[in-house]
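Data first, discussion second: the structure below is written as structure tokens.
In the text below, chain A, chain B and the rest are named by the order of the sequence lines, each starting its count at 1. Side-chain atoms are counted along with the backbone in the values below, which use heavy atoms only and exclude waters and symmetry mates. Not measured: the values here are computed from a predicted model.
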2 protein chains.
Amino acid sequence: MSEHRPSASISPEFALLGFLAQRPAHGYDLHQRLVTELGEIWHIRLSQTYNILNRLETQGMITSRLQKQDKLPDRHIFELTPAGLKRFEDWLHTPTPCSVRAIRVEFTTRLYFARAGDPRLARELIAEQTRTVEQGIARIETALGRCSPDQAFNRLGLQLRIAQLRIILDWLKQCEVTLGLVEV
Amino acid sequence: MSEHRPSASISPEFALLGFLAQRPAHGYDLHQRLVTELGEIWHIRLSQTYNILNRLETQGMITSRLQKQDKLPDRHIFELTPAGLKRFEDWLHTPTPCSVRAIRVEFTTRLYFARAGDPRLARELIAEQTRTVEQGIARIETALGRCSPDQAFNRLGLQLRIAQLRIILDWLKQCEVTLGLVEV
DNA sequence: AGTATATAGTCACTCGGTGAGTATATCCGA
DNA sequence: TCGGATATACTCACCGAGTGACTATATACT
């Protein structure tokens, strides 16, 4: 079975699980909500949504039943299984690894569901993520120090990552304010 | 044949083509060069390198011949075909789409090969990429303007992207200086 | 004598992501 | 009123990214 979760993969599957944790829904509806609520963060096609739902079903994270409609096509109504709920809640409490893209996409999604459920959790996540990013910056700075001056492109790459992570620290503060999680 | 190049895909295949444009080489060596020259930019496994080489060969971008070694295992020596060289050179002159990760990874790689071949091209690429990023920022700012205030997470996502793209503008200037492409 | 590391790969697999195709219903303008 | 766009609700086949497990041999170190 080998548990193929490198934990680096960022996938909208948790957004789908999160929407299903709120209430059962069919694929088209889930896709709609993903687009309207987090459409500037995730850019996925309808067929990709169905791909993920199919996988989640074969993995036993969700179940489906068919709902007949007299005029429009039938729908598959999906529902979380206990395993699926656990998977979502575990994810909800796991900090995002210190990657620029992962934070923009996955962390923002996590924050979305955290705030919807419990604003205190959202504040904790931001604090925790801030620490993760600070450590990440320190680690990359070390790598930069070890990187010989003739490695110009490796150095440029590292410098860009550091600058982008610093921006993320500012942005995390901005999140707290924008979402009304702190008294200013 | 359908030409499946969404042009958004960022892949180390062009780095491999670029190294092969310099001289024929075998897979292990290509992987070594990728790691030492651009290892902070691309993080790929040896097996991934071979995957790409196999694909490039079936696509007719490279050819291989077997080189016997008496002690160590045999090697496949890869060489660019004219089609492969064209593909690489087309890529070398194509600006990277305005995505943070694509610029950090793909543009940096392009710059690496551009400078190795012709520093003037490197300077042009930076100028062109700067314009692309400026346009991208403007586009995202428009999207942000159209994004209603209750779309807090979509707005946060857009704001982060804008901030990161601004950093990239600074970084592009830094590239010019670091690589000695302008008289300061 | 045993262990780690470098050389040089192969293979099977999962997952991300796209495009094309299949239906039906409804709305809007010419 | 008729045709085209758009919304609903998917299915399917495919390509490509990326990983881990595996197979060998040579050399260096401990």
Side-chain angles (χ1 to χ4, degrees), chain A residues 1-16 24-36 42-59 61 64-78 87 97 99 101-102 105-106, chain B residues 1-16 24-36 42-59 61 64-78 87 97 99 101-102 105-106:
Chain A
M1 286 302 155
S2 79
E3 256 319 293
H4 260 288
R5 308 266 127 232
S7 91
S9 78
I10 64 180
S11 158
E13 78 170 74
F14 294 101
L16 299 179
H26 58 277
Y28 192 86
D29 179 37
L30 288 168
H31 187 254
Q32 291 293 305
R33 285 156 78 188
L34 194 51
V35 167
T36 59
W42 296 102
H43 300 270
I44 70 167
R45 307 258 174 261
L46 187 53
S47 50
Q48 168 73 345
T49 298
Y50 288 113
N51 281 349
I52 295 169
L53 289 171
N54 286 337
R55 178 163 49 83
L56 289 172
E57 188 166 13
T58 65
Q59 289 176 350
M61 299 296 148
S64 74
R65 59 195 149 84
L66 206 66
Q67 188 186 61
K68 297 229 165 176
Q69 301 192 114
D70 36 328
K71 301 220 160 176
L72 287 168
D74 298 349
R75 300 156 159 178
H76 293 281
I77 307 289
F78 295 99
R87 188 170 164 99
S99 132
R101 181 168 149 72
V105 174
E106 201 203 35
Chain B
M1 284 301 156
S2 78
E3 256 319 295
H4 260 287
R5 307 267 128 233
S7 88
S9 80
I10 64 179
S11 157
E13 78 172 73
F14 295 101
L16 298 178
H26 59 277
Y28 192 87
D29 179 37
L30 288 167
H31 187 254
Q32 292 293 306
R33 284 155 80 185
L34 194 52
V35 167
T36 59
W42 297 101
H43 301 269
I44 71 167
R45 307 257 177 262
L46 188 53
S47 51
Q48 169 74 345
T49 298
Y50 288 113
N51 281 348
I52 296 168
L53 290 172
N54 285 336
R55 178 164 48 83
L56 289 173
E57 188 166 14
T58 66
Q59 289 177 349
M61 299 296 149
S64 74
R65 60 193 147 86
L66 206 66
Q67 188 186 60
K68 298 230 166 174
Q69 301 192 112
D70 36 329
K71 301 221 161 178
L72 287 168
D74 297 351
R75 301 156 158 176
H76 293 282
I77 307 290
F78 294 99
R87 187 170 164 99
S99 134
R101 179 168 149 73
V105 175
E106 201 203 36

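Between the P atom of C:dT14 and the CG atom of A:N54 lies a distance of 15 Å, rounded to the nearest Å. We find that CG of A:L53 is positioned 15 Å from C1' of C:dG17, with the value rounded to whole Å. C:dT18 atom P lies 16 Å from atom OH of A:Y50, rounded to whole Å. A straight line from CD of B:Q48 to C1' of D:dG16 spans 9 Å, rounded to a whole angstrom. Here D:dG16 presents its C1' atom at 14 Å from CG of B:L16, a figure rounded to the nearest Å. We find that CZ of B:F14 is positioned 11 Å from P of D:dG16, with the value rounded to whole Å. Summarising the geometry, the separation between CD on A:E57 and C1' on C:dT14 is reported as 18 Å, rounded to the nearest angstrom. If you measure from atom CZ of A:R45 to atom P of C:dG21, you get 16 Å, rounded to the nearest angstrom.
For C:dG16, the base has no donor-acceptor partner in the side chain of A:N51 [N/O atoms by modelled type, under 3.5 angstrom]. On a pure distance criterion of 3.5 Å, no polar donor-acceptor pair joins the side chain of B:S47 and the base of C:dG9.
Each of A:W42 and B:G27 has a nearest nucleotide on DNA chain C; the 5'-most of these lies closest to B:G27.
Residue contacts shown for B:L46 include a base, since a base heavy atom lies under 4.0 Å away.
Within 6.0 Å of the CZ atom in A:R33, the count of heavy atoms belonging to other residues, nucleotides or ligands exceeds 12.
Among the nucleotides C:dG17, D:dA9, D:dG20, the one closest to any side-chain atom of A:R101 is C:dG17. Of the listed nucleotides (D:dG18, D:dC10, D:dG16), D:dG16 has the atom at the smallest distance from the side chain of B:R55. Set against D:dG16, C:dG9, D:dC10, the side chain of B:Q59 has D:dG16 as its closest nucleotide. The listed nucleotides are D:dG18, C:dG16, D:dC10; the one nearest the side chain of A:S11 is C:dG16. Here the side chain of A:Y28 is nearest to one of C:dG17, D:dA9, D:dG16, namely D:dA9.
Using a 4.0 Å cut-off between a side-chain N of Lys or Arg and a carboxylate O of Asp or Glu, A:E13 and A:R55 qualify as a salt bridge.
A rotation axis mapping the C1' atoms of four pairs onto the next four is fitted at both ends of the helix from C:dA1-D:dT30 to C:dA30-D:dT1 over five pairs, and the angle between these axes is 30° to 10 degrees.
Residue A:H43 places no side-chain N or O under 4.0 Å from the OP1 or OP2 atom of C:dG17. Put simply, A:R75 has a side-chain N or O that comes within less than 4.0 Å of OP1 or OP2 on D:dA9.
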Exercise for review: Check the pair B:V35, B:Q32 against side chain to side chain contact (heavy atoms under 4.5 Å, CB included), reporting the backbone distance first and the verdict last.
Suggested key: CA-CA 5 Å; B:V35 167; B:Q32 292 293 306; 5.8 Å; no
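Residues forming a side chain to side chain contact (heavy atoms under 4.5 Å, CB included) with A:E57 (at least two apart in sequence, or on another chain): A:I62, A:S64, A:F78.
A donor-acceptor pair is defined here as one N or O able to donate and one able to accept, closer than 3.5 Å; such a pair exists between the side chain of B:H31 and the backbone of B:I44.
A:Y28 and A:Y50 get closest at one heavy-atom pair: N-OH, 3.3 Å. Of all heavy-atom pairs between B:L34 and B:W42, the closest is CD1-CD1, 3.9 Å. The shortest non-hydrogen separation linking A:T49 to A:G27 is CG2-O, 4.0 Å.
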